[in-house]
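Here's the structure, in structure tokens; my notes come after.
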Amino acid sequence: MDLSFDLAKALDRTLTDAARRAGLTEAGFAPEVRPADPVHGDFQANGVLAYAKRQRQNPRALAEALVSQLDELAPLFGLAIAGPGFINFRLKPAALLAWLAAHSNREALAAGAAAAEQGHTVVVDYSSPNTAKQMHVGHLRSAVIGEAICRLLAFSGAKVVRDNHVGDWGTQFGKLIWAYKRQLDSAALARDPLEEFERLYKAGNSAAEADPTVLKEAQQELVKLQARDPENLGIWSRINEVSLFAFQEIYDQLGIRFDVTLGESFYNDKLEPVYRGLADSGLAEESQGALVVFHPEHPRFKTQPFIIRKSDGAANYATTDLATILYRTGPLHATDVLYVVDKRQSDHFEQLFLTARKWFEKMGGPLPRLRHLDFGTVLGENGKPLKTRSGENIRLKDLLAEAVERSYQLVSGKNPGLPEAERRAIARTVGVGSVQYADLSQNRSSDYVFSWHKMISLEGNTAAYLLYAVARIHSIFRKLDLRPGEAPGETGATAFETPAELALARKLVRFPDALAAATGTLRPHFLCTYLYELAGDFSTFYNADKVAVDEPAVRARRLLLCNRTLLLLETGLQLLGLRILTKM
RNA sequence: GGGGCGGUAGCUCAAUGGAUAGAGCAUCGGUCUUCGAAACCGAGGGUUGCGGGUUCGACCCCCGCCCGCCCCGCCA
């Protein structure tokens with residue numbers, strides 16, 4: 001066996017072959033290789049236990065037989081059979097060094113990782129705010145998690161299409177256009193367009209509520225827009241243009257750039273085939289004046305309809321979502337579509353996917369793998385959805401600004417000697433990164449409690465702690481007048497000896513497992529946990545073993561550890577969508 | 001009423017059916033004349049909501065119950 005990027009996978013193959021030679025052939029044998037508790041080793045194989053159970057054989061004897069066929073591993077691993085029949089593998093110090101030497105830069109990591117998702121074209125539908133409104137805290141998770149997932153998939157070899165499916169076509173435009181024509185404040189529009197659009201919408205809304213004549217006029221504006229009246233279409237398109245420009249300011253802070261922005265309006269002329277296709281195939285039926293799809297085999301959806309055309313004849317999001325699947329399957333050639341959307345919409349997606357599957361079966365076309373990547377709600381300290389004190393949604397713009405300001409206070413307190421401009425720049429990286437990391441480090445399915453104190457802290461699993469480790473490694477290289485990334489001072493490194501060196505080296509070698517866990521389950525928090533543990537092992541090493549010692553061989557191997565830790569921390573943080581720094 | 005998700009240390013959260021359930025915060029106690037102490041080391045803290053079941057092995061799978069949040073026809 002060679003020391004490839006993914007050692008667990010390589011071990012799995014080796015054990016599968018060895019099992020055949022050892023006679024473990026009945027009913028298939030799966031080695032079940034996984035990372036182990038460091039107390040026991042680096043990897044463990046549990047497959048013998050289940051196999052022995054099925055074959056009614058002694059698991060320890062089977063493990064002995066298997067291990068006797070693993071001589072080729074002896075140069076790399078210490079092997080041990082433990083407990084009822086676990087096989088433990090502990091990398092030898094020289095093998096640790098060899099793996100680290102072979103993966104010394106971003107390209108080597110990427111080359112190793114790229115096998116996992118090769119051949120997939122993944123459309124990721126994320127962020128997707130409504131135009132003419134501010135992005136608020138409710139839009140945070142989709143944007144942050146979606147971007148991290150895009151980066152993870154791309155690094156693992158997938159072709160990723162980032163699609164911002166904006167809500168740019170809704171009934172809100174009637175009232176908005178009504179108010180736009182009568183009450184537009186140009187100065188306010190120039191200053192903060194989304195603020196002005198929101199004001200106009202509220203003005204239109206309350207005017208319509210107070211006066212039925214206004215309501216009728218607003219409805220007329222909407223009808224005119226839908227009939228492609230040039231003036232209303234112009235206003236509408238200006239609103240969208242300005243909105244997207246404002247959104248991009250947020251996206252720039254979060255490091256997001258979409259490949260396509262195909263909002264609901266893009267599908268306006270692509271809805272007929274949906275109605276026709278579903279009606280002709282017999283999936284859709286009339287119910288209470290609407291066109292709906294029931295799923296008789298489903299306990300809930302046999303009575304809970306999927307409405308694809310409202311009783312007033314208008315489309316809704318179900319219609320555009322179906323049209324969107326057609327477009328992503330066709331022109332975008334998707335093999336996979338991921339919807340990074342609030343978990344409260346899970347019913348909708350379940351119905352959507354069920355309907356799409358049946359529809360595509362009738363059409364005879366292959367359906368991409370559709371998955372709803374749900375996420376929980378951001379809660380305040382009171383356990384309720386996060387709001388301002390007055391009960392308003394917190395604007396993303398304000399939230400990020402506050403994070404940056406709080407980080408600036410922290411940085412200025414800790415490192416007042418730095419020039420202000422530098423402290424400001426550091427605060428942007430730390431502040432925005434703290435918000436992103438707090439979101440990503442938690443299992444995405446759960447709700448989480450938003451806490452400035454926890455988020456912007458040097459203690460615990462935070463962005464600042466990780467960035468501090470990065471900054472400190474850079475500082476070592478600066479001190480020694482070396483430049484990281486050029487593998488400086490590594491030649492002549494001898495195998496690791498001290499407990500802290502060994503612990504750090506063994507953690508470094510686990511990077512592929514963390515990456516595979518995060519990408520395979522589309523849960524970035526697995527990578528966060530790994531990076532946090534890595535930074536912790538580095539800090540322990542840093543406190544225990546001095547890097548800048550006189551003995552050249554010891555110094556070389558410690559520099560190698562620093563360099564590789566830096567590489568993996570920086571790579572990992574960037575895969576999560578964070579920016580990095582060299583001082584803080 | 002039907003359904004989804006959750007309940008793990010005082011608090012916030014981890015944990016592919018695998019070995020003695022782990023971190024951080026908080027509490028208590030240590031470590032700076034030496035590469036950034038924004039850090040590190042250590043201690044205490046648990047009937048994994050309750051009761052059954054499956055399994056060599058269950059926080060994890062199955063059944064029942066309790067509690068919390070969310071969804072259930074024309075918003076997305």
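Order of the sequence lines sets the chain letters (A, B, ...), proteins ahead of strands, with each chain counted from 1. Computed from heavy atoms alone, side chains included, the values below leave out hydrogens, waters and symmetry copies.
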Can you identify which nucleotide, out of [options], has its nearest atom closest to the [X] side chain?
| X | options | value |
| --- | --- | --- |
| A548(A) | rC13(B), rC35(B), rG18(B) | rC35(B) |
| K479(A) | rC40(B), rA19(B), rC35(B) | rC35(B) |
| N543(A) | rC71(B), rA39(B), rC69(B) | rA39(B) |

Any N/O pairs under 3.5 Å between the protein and nucleotides 14-16 of chain B? List them or say none.
{"residue": "rA14(B)", "atom": "OP1", "partner": "N443(A)", "partner atom": "N", "Å": "3.1"}
{"residue": "rA15(B)", "atom": "OP1", "partner": "H525(A)", "partner atom": "NE2", "Å": "2.8"}

(message) In dot-bracket form, 5' to 3', how is RNA chain B paired? Count Watson-Crick and G-U wobble pairs only if both distances fall under 3.5 Å, and write | where the partner sits on another strand.
(response) (((((((..((((....[...)))).(((((.......))))).....(((((..]....))))))))))))....

(message) Holding to side chain to side chain contact (heavy atoms under 4.5 Å, CB included), I want the full list of residues that pass it with A52(A), two or more places apart in sequence or in another chain.
(response)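 Only P59(A), L62(A) meet the side chain to side chain contact (heavy atoms under 4.5 Å, CB included) criterion with A52(A).
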
For [X], answer base if it contacts any base atom (sugar-phosphate contacts may also be present), sugar-phosphate if it contacts only those atoms, and nothing otherwise; contact means non-hydrogen atoms under 4.0 Å.
| X | result |
| --- | --- |
| K583(A) | base |
| S539(A) | sugar-phosphate |
| D513(A) | nothing |
| N88(A) | base |
| L410(A) | nothing |
| E533(A) | nothing |
| V449(A) | sugar-phosphate |

Would a distance-only check, ignoring hydrogens and angles, find a side-chain to backbone donor-acceptor pair under 3.5 Å from [X] to [Y]?
| X | Y | answer |
| --- | --- | --- |
| T429(A) | R579(A) | no |
| R444(A) | D374(A) | yes |
| Y542(A) | R472(A) | no |

(message) Using heavy-atom distances to pick each residue's nearest nucleotide on RNA chain B, tell me which of K343(A) and A82(A) is more 5'.
(response)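 Looking at the nearest nucleotide for each, K343(A) comes out on the 5' side.
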
(request) Please tell me which of F541(A) and G83(A) maps to the more 5' nucleotide of RNA chain B, matching each residue to the nucleotide holding its nearest heavy atom. (result)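 Checking each residue's closest nucleotide, the 5'-ward one belongs to G83(A).
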
Protein and nucleotides 21-30 of chain B: nitrogen or oxygen contacts under 3.5 angstrom:
none

(request) Have a look at H474(A) and tell me which of E570(A), R483(A), K583(A), K479(A) forms a side chain to side chain donor-acceptor pair (under 3.5 Å) with it. (result)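 For H474(A), the side chain to side chain donor-acceptor pair (under 3.5 Å) test succeeds with only one of E570(A), R483(A), K583(A), K479(A), which is E570(A).
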
Distances under 3.5 Å between nitrogen or oxygen atoms of protein and nucleotides 74-76 of chain B:
{"residue": "rC74(B)", "atom": "O2", "partner": "S311(A)", "partner atom": "N", "Å": "2.8"}
{"residue": "rC74(B)", "atom": "N3", "partner": "S311(A)", "partner atom": "OG", "Å": "3.2"}
{"residue": "rC74(B)", "atom": "N4", "partner": "Q288(A)", "partner atom": "O", "Å": "3.2"}
{"residue": "rC75(B)", "atom": "OP2", "partner": "K310(A)", "partner atom": "NZ", "Å": "3.0"}
{"residue": "rA76(B)", "atom": "OP2", "partner": "Y317(A)", "partner atom": "N", "Å": "3.3"}
{"residue": "rA76(B)", "atom": "O3'", "partner": "E264(A)", "partner atom": "OE2", "Å": "2.7"}
{"residue": "rA76(B)", "atom": "N7", "partner": "Y317(A)", "partner atom": "OH", "Å": "2.8"}
{"residue": "rA76(B)", "atom": "N6", "partner": "Y317(A)", "partner atom": "OH", "Å": "2.6"}
{"residue": "rA76(B)", "atom": "N3", "partner": "Q345(A)", "partner atom": "NE2", "Å": "3.3"}

What side-chain donor-acceptor pairs closer than 3.5 Å can you find for residues 302-311 of chain A, not counting sequence neighbours?
{"residue": "T303(A)", "atom": "OG1", "partner": "R300(A)", "partner atom": "O", "Å": "3.2"}
{"residue": "Q304(A)", "atom": "NE2", "partner": "D347(A)", "partner atom": "OD2", "Å": "3.3"}

